[in-house]
Amino acid sequence: MNATGAADSFVIPHDIHALPIVGSAAKFPVRRIYCVGRNYVDHIREMKEADERDPPFFFQKPADALVMDGETVFYPPVTSDYHHEIELVVALGRGGRAVDVKSARDLIFGYAVGIDMTRRDRQREARERGLPWEIGKSFDQSAPCGPIYPVAQVGHIEKGSITLAVNGKERQRGDIAQLIWSVSEIIANLSRQYELHAGDLIFAGTPAGVGPVRPGDRMEGAVEGLGTLCISVAGQPD
Ligand code: MN
């Protein structure tokens, strides 16, 4: 793969999935999208899940599920309970294996605002029946993500509000300081399961207040210091 996208000889068109970087003309090429399954106590309680001290678990979304700020998501098929989960996104500029918590920060290139869009009915069904999570989490357009704010500009995000409003009405509010597993702990844990690489994104989990959206709705997510992410919802295309 050629990170500039100016590549030469693929037999079919090949997109490089990339996010804009605030203050730069260059883009951030996305390799993998990892997501933390649960990371705020109040959301675990609203989902009626087991032990709040359970270790973090991870799932992935495909890189082509990214949706940019200002774009529209189409209401997905096979759900009637399409939910928003506002999340802090961590963008890695370096990789590593079995990284320790103390040096985990060295891997971080920057941060962004993301929404882990979820087919809640399919996720619950998968959980109850012991089936894979992909249908509930890893579908088309399931990873809206705003521009990357480099650490060099904004420092590390350890506290500050995280919110999501639908049609101007607040649905979710938390604080990054409430993360059960800190960003460094998440990176350290994840790097024991997978070799991490530059270009990987990590969605760090959602606070309470998840809920459904319908065609015609407009979501506005925000993390203090990282601007906003505005996404509209439209009906299924013909
Ligand atoms: Mn989530």
Side-chain angles (χ1 to χ4, degrees), residues 30 32-62 65-67 82-92 99 101 104-105 107-108 110-120 122-124 126-127 133-134 136-139 142-146 148-149 156-165 170-194 196 200-213 219 221-226 229 231:
V30 175
R32 287 188 185 170
I33 304 174
Y34 295 100
C35 303
V36 181
R38 53 171 90 96
N39 209 12
Y40 291 82
V41 168
D42 53 359
H43 177 58
I44 293 173
R45 288 177 183 161
E46 78 177 345
M47 293 292 288
K48 297 184 171 56
E49 290 188 356
D51 192 331
E52 291 156 14
R53 292 157 302 179
D54 279 351
F57 72 92
F58 301 96
F59 59 89
Q60 292 183 42
K61 292 175 184 272
L66 286 170
V67 179
Y82 178 45
H83 275 209
H84 55 76
E85 296 189 356
I86 185 69
E87 310 210 355
L88 172 68
V89 178
V90 182
L92 301 188
V99 176
V101 173
R105 266 186 169 189
L107 274 55
I108 302 173
Y111 298 89
V113 181
I115 309 176
D116 167 14
M117 295 306 297
T118 300
R119 288 165 166 154
R120 189 71 67 202
R122 297 282 81 81
Q123 182 205 14
R124 287 188 189 282
R127 204 172 57 182
W133 271 34
E134 273 87 354
K137 287 289 193 181
S138 308
F139 51 92
S142 61
C145 190
I148 309 274
Y149 286 71
H156 287 282
I157 305 295
E158 295 179 308
K159 57 182 167 49
S161 62
I162 176 169
T163 57
L164 184 131
E170 188 172 287
R171 294 263 193 97
Q172 293 191 260
R173 172 172 289 273
D175 194 289
I176 300 302
Q178 298 167 330
L179 286 171
I180 296 171
W181 302 97
S182 70
V183 167
S184 291
E185 288 171 328
I186 292 167
I187 291 170
N189 192 298
L190 185 60
S191 74
R192 283 171 172 73
Q193 300 182 34
Y194 304 94
L196 301 177
D200 290 344
L201 299 181
I202 304 170
F203 280 55
T206 196
V210 302
V213 287
M219 300 180 283
V223 173
E224 204 173 324
L226 303 179
L229 169 63
I231 299 290

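What you see below is based on every heavy atom in this structure, not just the backbone, and it leaves out hydrogens, waters and symmetry mates. Quick caveat: nothing in here was measured; it's all calculated off a predicted structure.
Looking at Arg171 and His83, their side chains never come closer than 4.5 Å, going by heavy atoms from C-beta outward. Val210 places none of its side-chain heavy atoms less than 4.5 Å from the side chain of Thr118. Between Lys159 and Asp175 the shortest side-chain heavy-atom distance falls below 4.5 Å. You'll find the side chain of Ile148 reaches within 4.5 Å of the side chain of Leu201, heavy atoms only.
With ring centers used as reference points, Tyr194 lies under 6.0 Å from Tyr34.
Of the inter-residue distances, the one linking Leu190 atom CG with Leu196 atom CG reads 4.5 Å to the nearest 0.5 angstrom. Here His156 contributes atom NE2 and Ile108 contributes atom CD1; the two are 5.5 Å apart, rounded to the nearest 0.5 Å. The structure places CZ of Arg120 at 12.0 Å from OH of Tyr82, a figure rounded to the nearest 0.5 Å. Separating the NZ atom in Lys61 from the CZ atom in Phe139 is a distance of 5.5 Å, to the nearest 0.5 Å. Here the SG-CD distance, from Cys35 to Glu87, works out to 6.5 Å after rounding to the nearest 0.5 Å. Separation of atoms CD (Glu170) and CG (Leu164) is listed at 9.0 Å; rounding is to 0.5 Å.
Shown here for Val223 and Ile157, the closest heavy-atom pair between the two residues is CG1-CG2, 4.3 Å. Scanning all heavy atoms of the two residues, the minimum distance from His84 to Met117 falls at CA-SD, 3.9 Å. Leu66 and Cys145 make their closest contact through CD2-CB, 3.9 Å (heavy atoms, listed as atom of the first residue, atom of the second, distance). When all heavy atoms of Ile162 and Leu88 are compared, the pair lying nearest together is CD1-N, 3.6 Å. For the pair Val113 and Ala222, the tightest heavy-atom approach, listed with the atom from each and the gap, is CG1-N, 4.0 Å. Between Gly146 and Ala112, the shortest heavy-atom distance links the atoms O-CB, 3.7 Å.
Between Phe59 and Trp133, the ring-plane angle classifies as tilted under the 30° and 60° cut-offs.
Looking at Ser142, its side chain never comes within 3.5 Å of a backbone N or O of Ser138 through a donor-acceptor pair. Under the 3.5 Å distance criterion, the side-chain polar atoms of Asn39 are matched with a main-chain donor or acceptor of Trp181. Between the Glu224 side chain and the Ser161 main chain, a donor and an acceptor come within less than 3.5 Å of each other. With Gln172 contributing its side chain and Ile86 its backbone, the two residues share a donor-acceptor pair below 3.5 Å.
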| task | Start with the C-alpha distance between Ile186 and Val90, add both sets of side-chain angles, then the distance that settles side chain to side chain contact (heavy atoms under 4.5 Å, CB included), and finish with yes or no. | result | CA-CA 10 Å; Ile186 292 167; Val90 182; over 6 Å; no

| request: List the steps, then state whether side chain to side chain contact (heavy atoms under 4.5 Å, CB included) holds for Val36 with Phe58. | output: CA-CA 5 Å; Val36 181; Phe58 301 96; 3.7 Å; yes

| From CA spacing to verdict: side chain to side chain contact (heavy atoms under 4.5 Å, CB included), Val89, Leu226 | CA-CA 10 Å; Val89 178; Leu226 303 179; over 6 Å; no

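Among residues two or more places apart in sequence or in another chain, the salt bridge (charged side-chain N to carboxylate O under 4.0 Å, His left out) test is passed with Asp200 by Arg31. Legend: residues meeting side-chain hydrogen bond (donor to acceptor under 3.5 Å, both in side chains) with Tyr40, ordered by chain and number and at least two apart, are absent. Applying the salt bridge (charged side-chain N to carboxylate O under 4.0 Å, His left out) test to Glu158 and every residue at least two apart in sequence or in another chain returns Arg105. Partners of Ser182 according to the side-chain contact (heavy atoms from CB on, under 4.5 Å) rule, which considers only residues two or more places apart in sequence or in another chain, are Ser184, Glu185. Partners of Arg32 according to the salt bridge (charged side-chain N to carboxylate O under 4.0 Å, His left out) rule, which considers only residues two or more places apart in sequence or in another chain, do not exist here. Listed by chain and number, the residues in a salt bridge (charged side-chain N to carboxylate O under 4.0 Å, His left out) with Arg124 amount to none (sequence neighbours excluded).
The pair Lys137-Asp116 counts as a salt bridge, with a side-chain nitrogen and a carboxylate oxygen less than 4.0 angstrom apart.
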